[in-house]
Visitor: 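Just dropping this structure here.
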Protein chains: 2
Amino acid sequence: LNRIKASGLKLRFCTNETQATREKFVKKLQGMGFDISVAEVTAPAPAACRILKERSLRPHLLVHNDLVPEFAEIDKANPNCVVIGDAAENFTYANLNEAFRVLIGMEKPVLISLGRGRYYKETDGLKLDVGAYMKALEYACDVEAEVVGKPAKMFFESALAEMGVPPQQAIMIGDDIVNDVGGAQRCGMRALQVRTGKYRSVRSLHPALR
Amino acid sequence: LNRIKASGLKLRFCTNETQATREKFVKKLQGMGFDISVAEVTAPAPAACRILKERSLRPHLLVHNDLVPEFAEIDKANPNCVVIGDAAENFTYANLNEAFRVLIGMEKPVLISLGRGRYYKETDGLKLDVGAYMKALEYACDVEAEVVGKPAKMFFESALAEMGVPPQQAIMIGDDIVNDVGGAQRCGMRALQVRTGKYRSVRSLHPALR
C-alpha cells in the first residue's frame with residue numbers, strides 16, 4: 001500500500017463493509033497502521049444514498065445500527081423502498097416481518113441490497129450474510145433486489161469515476177474471486193487475487209463454493 | 001363436511017399447519033364443531049418423520065415449539081440434516097445462524113422444509129412464512145430444499161395411500177389455488193377451489209400473486 005501511494009498511482013479502497021460507517025471502518029484500519037482516509041473509500045451505503053437521491057426513494061432501513069448515520073441526510077418518512085444491509089443482530093423476526101410488510105404494501109416493491117454475500121466468518125463462527133435475507137424478501141415479495149456493492153458493475157464504475165480513470169487503466173486487487181476479481185473483470189478492469197484474507201485454494205473450499 | 005361423512009366417502013384433512021401438533025390442531029377444530037379426529041389428518045410433520053426414518057436422517061429442528069412433540073420419536077443426536085418449519089418467534093438471528101452452521105458443516109447439506117409458503121396473515125398483520133427462510137438457507141448453502149407438505153406431489157400421494165384411493169377417484173377441496181388445487185391436479189386428482197378462507201378474486205390480489 002505504501003509503495004502504491006509513493007508511486008503516485010491513483011487509489012480507491014473498495015469495501016462491502018456495511019456493519020459500520022466509513023469513519024469507523026477507516027479509524028480501525030488507521031489503528032492498524034494503514035495510510036487511509038474516508039475520502040478514499042468506496043462503500044455500498046454511500047452508493048445506495050446516491051441511488052436513493054437520484055430516484056427520490058425514501059428507504060425503510062434494515063441495516064446495522066452502526067450504519068444508520070450514513071443515511072442521515074436521506075428522507076425516510078413514508079418509505080417507498082427497503083434498503084437491506086448486513087443488519088446482524090437487527091435481523092430479528094419482528095424486523096424482517098416489518099421490512100416485508102413495507103415491501104408487499106407497495107404497488108411495485110423496490111428492494112435495494114448492500115451486497116449479496118452468502119455468509120462470513122466471525123470469531124464466534126459462521127454467520128448468514130445479507131444475501132440470505134435478501135433472498136428471503138425476494139421470494140416473499142416475488143421481486144428482484146438491486147444489489148449495491150461488489151460485485152455489481154455500478155459499484156466498480158463509481159470507484160473508477162471517483163478516480164477519473166477508465167477501466168482499462170485500472171487494476172483491482174482483492175482476496176475474493178467473485179466479489180473482487182470477477183466483478184472488476186466484468187467491468188473491463190484487470191484484477192489480481194491475493195492469497196491472504198479469505199483466500200483458500202480450491203481444494204480447501206467447501207463444495208458449495210467450488 | 002357432515003354430508004361427505006354421511007355419504008360414506010373416504011376423507012382426509014390435508015393441512016400445511018406446522019405451528020402445532022395435529023392433536024392441538026384437531027382440538028381447535030373440534031371446539032368449532034367440526035367432526036374430525038387426529039387419524040384423519042395428513043400434515044407435513046408426520047410426513048417428514050417418515051422420510052427421516054426411511055433415510056436414517058437425524059434432524060436439527062428449526063420449528064415452532066408447539067410442533068416439537070411431533071418429532072418425539074426421532075433421533076436428533078449428532079444431526080445430519082436440518083428440518084425447517086414455520087418457526088415464527090423461533091426465527092431468531094441466532095437460531096438461523098445455528099441451522100446454517102449445521103447445514104454448511106455437512107459434506108452434502110440436506111434441508112427438509114415443511115412447506116414453501118411465502119407469507120400468511122395473522123390478526124396482527126402479515127408474516128413471512130417458512131418458504132422465505134427456506135430460500136435464505138438454500139442460497140447460503142447452495143442447496144435445494146426438499147419440500148414436504150402441499151403442493152408437493154408426495155404429500156398428496158401419502159394422503160391417497162392412507163385412504164387406499166387412486167388419484168383419479170379423488171377430489172381435493174381447498175381455498176389455495178397453488179397449494180391445494182395446483183398440487184392436487186399435478187398429482188392426477190381433480191380439485192375444487194372454494195371461495196372462502198384466503199380465496200381472493202384475481203383483481204383483488206396483490207400483483208405479486210396474480
Side-chain angles (χ1 to χ4, degrees), chain A residues 19 62 64 82 84 86-111 113 115-122 124-145 147 178 205-210, chain B residues 19 62 64 82 84 86-111 113 115-122 124-145 147 178 205-210:
Chain A
Q19 282 206 4
L62 178 53
H64 198 286
V82 168
I84 184 175
D86 177 19
E89 305 290 342
N90 277 350
F91 280 133
T92 63
Y93 181 60
N95 285 349
L96 283 162
N97 280 332
E98 198 186 344
F100 160 67
R101 277 181 218 130
V102 171
L103 272 179
I104 202 75
M106 296 175 199
E107 177 67 27
K108 201 173 176 310
V110 175
L111 174 60
S113 186
R116 58 183 309 126
R118 291 165 189 262
Y119 60 87
Y120 56 88
K121 193 174 183 173
E122 283 199 336
D124 57 340
L126 295 173
K127 305 273 174 80
L128 288 170
D129 200 356
V130 60
Y133 295 95
M134 173 192 86
K135 285 290 170 184
L137 292 175
E138 281 188 341
Y139 177 71
C141 302
D142 196 21
V143 66
E144 198 175 333
V147 180
V178 173
L205 283 181
H206 184 276
L209 296 176
R210 273 174 211 163
Chain B
Q19 282 206 4
L62 179 53
H64 197 285
V82 167
I84 184 175
D86 177 19
E89 305 290 341
N90 277 349
F91 280 133
T92 63
Y93 181 60
N95 285 349
L96 282 162
N97 281 331
E98 199 186 343
F100 161 67
R101 279 181 215 128
V102 171
L103 272 179
I104 203 77
M106 296 174 199
E107 177 68 27
K108 201 173 177 311
V110 175
L111 174 61
S113 186
R116 58 183 307 126
R118 292 165 188 261
Y119 60 88
Y120 56 88
K121 193 174 183 173
E122 283 200 335
D124 56 341
L126 295 173
K127 305 271 173 81
L128 288 170
D129 200 357
V130 59
Y133 295 95
M134 173 192 87
K135 285 288 170 185
L137 292 176
E138 281 188 341
Y139 178 72
C141 301
D142 197 20
V143 66
E144 198 175 332
V147 179
V178 173
L205 283 180
H206 185 276
L209 296 175
R210 273 175 211 163

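What's counted below: heavy atoms across the whole structure, side chains too, no hydrogens, waters or symmetry copies. Residue numbering restarts at 1 for every chain, and letters A, B, ... go by the order of the sequence lines.
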Visitor: Got Ile104(A) and Tyr119(B) here, is their nearest side-chain heavy-atom distance under 4.5 Å?
Guide: yes
Visitor: Which pair of heavy atoms, one from Ala132(A) and one from Ala140(B), lies closest together, and at what distance?
Guide: CB-CB, 4.4 Å
Visitor: Which answer fits Ala88(B), side chain, backbone, both or neither, if we ask what part of it has an atom under 4.5 Å from a heavy atom of chain A?
Guide: both
Visitor: Does any backbone or side-chain atom of Asn95(A) lie under 4.5 Å from a heavy atom of chain B? Answer side chain, backbone, both or neither.
Guide: neither
Visitor: Distance from Leu96(A) atom CG to Lys127(B) atom NZ, nearest 0.5 Å?
Guide: 13.0 Å
Visitor: With only heavy atoms counted, which part of Phe91(B) is less than 4.5 Å from chain A, the side chain, the backbone, both or neither?
Guide: both
Visitor: With rounding to the nearest 0.5 Å, note down the distance linking CG in Asp129(B) to CZ in Phe100(A).
Guide: 9.5 Å
Visitor: For Tyr139(A), does its backbone N or O pair with a side-chain atom of Arg118(B) as donor and acceptor, under 3.5 Å?
Guide: yes
Visitor: To the closest 0.5 Å, what do you measure between CD (Glu89(A)) and OG1 (Thr92(B))?
Guide: 9.5 Å
